[in-house]
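Just below is one structure, and these are the notes that go with it.
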Amino acid sequence: MHIGLIGLGKMGFNMRERMRNGGIEVTGFDRNPDVTDVGSVDELIAALPTPRLVWVMVPSGAITDAVVTELGEKLSPGDLVIDGGNSRFTEDQKHAAALAEKSIRFADCGVSGGVWGLQNGYGLMAGGADEDIELAMPVFDALRPEGERADSFVHVGGVGAGHYAKMVHNGIEYGLMQAYAEGYELLAAKDIVKDLPGTFRAWQKGTVVRSWLLDLMVKALDEDPGLASIDDYVEDSGEGRWTVEEAIANAVPAPAITAALFARFASREDNSPAMKMVSALRHQFGGHATRPAN
C-alpha cells in the first residue's frame, strides 16, 4: 500500500517511520524542507496511485480546514482523506459533507501514543464507512501495536465517532493525571515521607493504580526529582473542554474530568506542586512543551 501523509511534526514524523517499518510506502509532505519527501501537495498527489489515500496529521482548527479544503480541490472522485489529528467530531462531519459533494471519501481517526508511538505503536479509534475503514486497514495495522487488533484498534462508528472516542479518552486522561498529581503533592507535603520517588516506583508492579502514566511519572521524577525546572502552568489542548461540554449537553455527570480541567485553569494563577506534575506528565507522553520555572 502507498499513502500520502500531510504533516510531519512530533506525531506525523514518527508515524511515517512506523508505517514504513510496517511495509507501507509513504510519501510525506510538510512545510519544513528538512523532513518533507516532496515539495508540495500537488507533488504528493501526483506520486500516489488511485484511488488515493491521504492521511492528514496537522493541528486541529484552521490548519486542518485549509488542508482538507485544498485536498477537496485537487483530489479525484473515489479518493479517501483520513483526518488523524485532534479535530472536534463536529468538524469531521462538516469536512465529510464538503468532500462528499465532490465524491471524495472521508474518515476520521483518533490517535493515541504520543512521542512513544514509534516504539510502542498507537491506539487507534476510527470513524467512517465500513468500506473506507477496510481500505485503510493495512495502515491501521502498521500503526498499532503487535497483537490482537481489538486491543489497540476500534472502528467506533460513522464519521466523527473516532474523534469523539478520542475526545473522551483525553478527558479521562485529564482526570487520571490530576489524581496522580494530587497524590504526589500530598506525599510531598508530609514530612514522614522520606522517599517520594521510591513510593511511586513501588506502585509500578502489583498495585491497582499501576499504569503507563505512573511509569512516566516515575521517569519524570528520575529526570528531575523535585520538578524544580518546571513551572506549574498547564495548557489544555481543547479536548478536555469539549468533553465537559458534551457531558453537559448529554446530562452526563463528569465531576472528575471537569475538576481536572478547572485545575488546569487554576494552575495559571498560583504555585502548585500537583500542576507541576501534570505539566511533567504531558511532556513525558506527548512531548508537550513545559514552561521553565521562574
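Excluded from the calculations below are hydrogen atoms, water molecules and symmetry mates; all remaining heavy atoms, backbone and side chain alike, are included.
Thr243 and Tyr174 are not linked by any side-chain donor-acceptor pair at a separation below 3.5 angstrom, with hydrogens and angles left out of the test. Side-chain contact, Asn14 with Lys10: no donor N or O sits under 3.5 Å from an acceptor N or O.
The distance from the OH atom of Tyr184 to the CG atom of Leu227 is 4.0 Å, given to the nearest 0.5 Å. From Met125, atom CE reaches atom CE of Met167 across 12.0 Å, with rounding to the nearest 0.5 Å. Taken from CG in Asp34 to CG in Leu8, the straight-line distance is 11.5 Å, to the nearest 0.5 Å. Here the CD1-NZ distance, from Ile104 to Lys74, works out to 12.0 Å after rounding to the nearest 0.5 Å. Atom NE2 in His2 sits 3.0 Å away from atom OG1 in Thr27 (nearest 0.5 Å). Of the inter-residue distances, the one linking Cys109 atom SG with Met57 atom CE reads 8.0 Å to the nearest 0.5 angstrom.
Remark: Glu223 CD is packed, more than 12 non-hydrogen atoms of other residues, nucleotides or ligands lying under 6.0 Å away. Other residues, nucleotides and ligands place more than 12 heavy atoms under 6.0 Å from the CD atom of Glu131. Remark: Arg20 CZ is packed, more than 12 non-hydrogen atoms of other residues, nucleotides or ligands lying under 6.0 Å away.
Ser60 contributes no side-chain N or O that, together with a main-chain N or O of Ser87, makes up a donor-acceptor pair within less than 3.5 Å. Counting only distance, with no hydrogens or angles, the side chain of Thr64 and the backbone of Pro59 share a donor-acceptor pair below 3.5 Å. Looking at His155, its side chain does come within 3.5 Å of a backbone N or O of Gly157 through a donor-acceptor pair. Counting only distance, with no hydrogens or angles, the side chain of Trp55 and the backbone of Gly7 share no donor-acceptor pair below 3.5 Å. The backbone N or O of Trp203 lies less than 3.5 Å from no partner atom in the side chain of Arg210, so there is not a single donor-acceptor pair. When atom types are taken as modelled, the side chain of His163 and the backbone of Thr90 share no donor-acceptor pair closer than 3.5 angstrom.
Ile6 and Met15 sit in two unconnected hydrophobic clusters of ILVMFWY residues. Membership requires side-chain heavy atoms under 4.5 Å apart, directly or through other members. When the side chains of ILVMFWY residues are joined at heavy-atom separations under 4.5 Å, either directly or via intervening members, Ile45 and Leu53 end up in two distinct hydrophobic clusters. Put simply, Val38 and Val56 are part of the same group of oily side chains (I, L, V, M, F, W, Y) that touch within less than 4.5 Å, one to the next. Residues Leu186 and Leu196 do not share a hydrophobic cluster, defined by chaining ILVMFWY side chains whose heavy atoms lie under 4.5 Å apart. Phe13 and Trp116 end up in different hydrophobic clusters when Ile, Leu, Val, Met, Phe, Trp and Tyr side chains are linked at under 4.5 Å.
For Ala126 against Ile133, the heavy-atom pair with the smallest separation is CB-CD1, 3.8 Å. Nearest heavy-atom pair, Leu48 versus Gly4, reported as atom, atom and distance to 0.1 Å: CD2-N, 3.5 Å. Here the closest non-hydrogen pair linking Phe140 and Leu124 is O-CD1, 3.4 Å. Between Ser211 and Tyr180 the shortest heavy-atom distance is OG-OH, 2.8 Å. Residue Leu80 comes nearest to Ala107 through the heavy atom pair CD1-N, 4.1 Å, listed as atom of the first residue, atom of the second, then distance. When all heavy atoms of Leu118 and Arg18 are compared, the pair lying nearest together is O-NH1, 3.0 Å.
For Thr50, the side chain to side chain contact (heavy atoms under 4.5 Å, CB included) partners are Arg52, not counting sequence neighbours.
Between Asp108 and Lys166 no salt bridge is recorded (no basic side-chain N to carboxylate O distance below 4.0 Å). Salt bridge absent: Arg241 and Glu245 never bring a charged side-chain N and a carboxylate O closer than 4.0 Å.
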### Message
I'd like to know whether Arg105 forms a side chain to side chain contact (heavy atoms under 4.5 Å, CB included) with Leu99, so could you lay out the CA-CA distance, the side-chain angles of the two residues, the decisive distance to 0.1 Å, and finally the verdict.
### Response
CA-CA 7 Å; Arg105 299 181 286 172; Leu99 292 177; over 6 Å; no
### Message
Between Ile82 and Ile3, is the side chain to side chain contact (heavy atoms under 4.5 Å, CB included) condition met? List the steps.
### Response
CA-CA 11 Å; Ile82 298 178; Ile3 79 162; over 6 Å; no
### Task
Mind running side chain to side chain contact (heavy atoms under 4.5 Å, CB included) on Asp65 and Glu91 for me, showing each step along the way?
CA-CA 9 Å; Asp65 288 341; Glu91 294 302 298; 3.6 Å; yes
### Message
Assess the residue pair Asp222 and Arg201 against the criterion (salt bridge (charged side-chain N to carboxylate O under 4.0 Å, His left out)); give the C-alpha distance rounded to whole Å, side-chain angles, the decisive distance to 0.1 Å, and a yes or no.
### Response
CA-CA 10 Å; Asp222 284 344; Arg201 185 179 298 278; 2.7 Å; yes
### Task
Assess whether side chain to side chain contact (heavy atoms under 4.5 Å, CB included) is satisfied between Leu71 and Asp79, documenting all intermediate values.
CA-CA 10 Å; Leu71 290 173; Asp79 291 347; over 6 Å; no
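Aromatic ring orientation, Tyr164 versus Phe89: perpendicular (interplanar angle above 60°, classes split at 30° and 60°).
Contact annotation: the side chain of Met19 approaches that of Leu143 to within less than 4.5 Å [non-hydrogen atoms, C-beta and beyond]. Between Glu185 and Met277, the closest side-chain pair of non-hydrogen atoms is not below 4.5 Å. Residues Lys102 and Glu73 have side chains in contact (heavy-atom distance under 4.5 Å, counting atoms from C-beta outward).
A side chain to side chain contact (heavy atoms under 4.5 Å, CB included) with Val67 is found for one member of Asp83, Val54, Val58 and no other, namely Val58.
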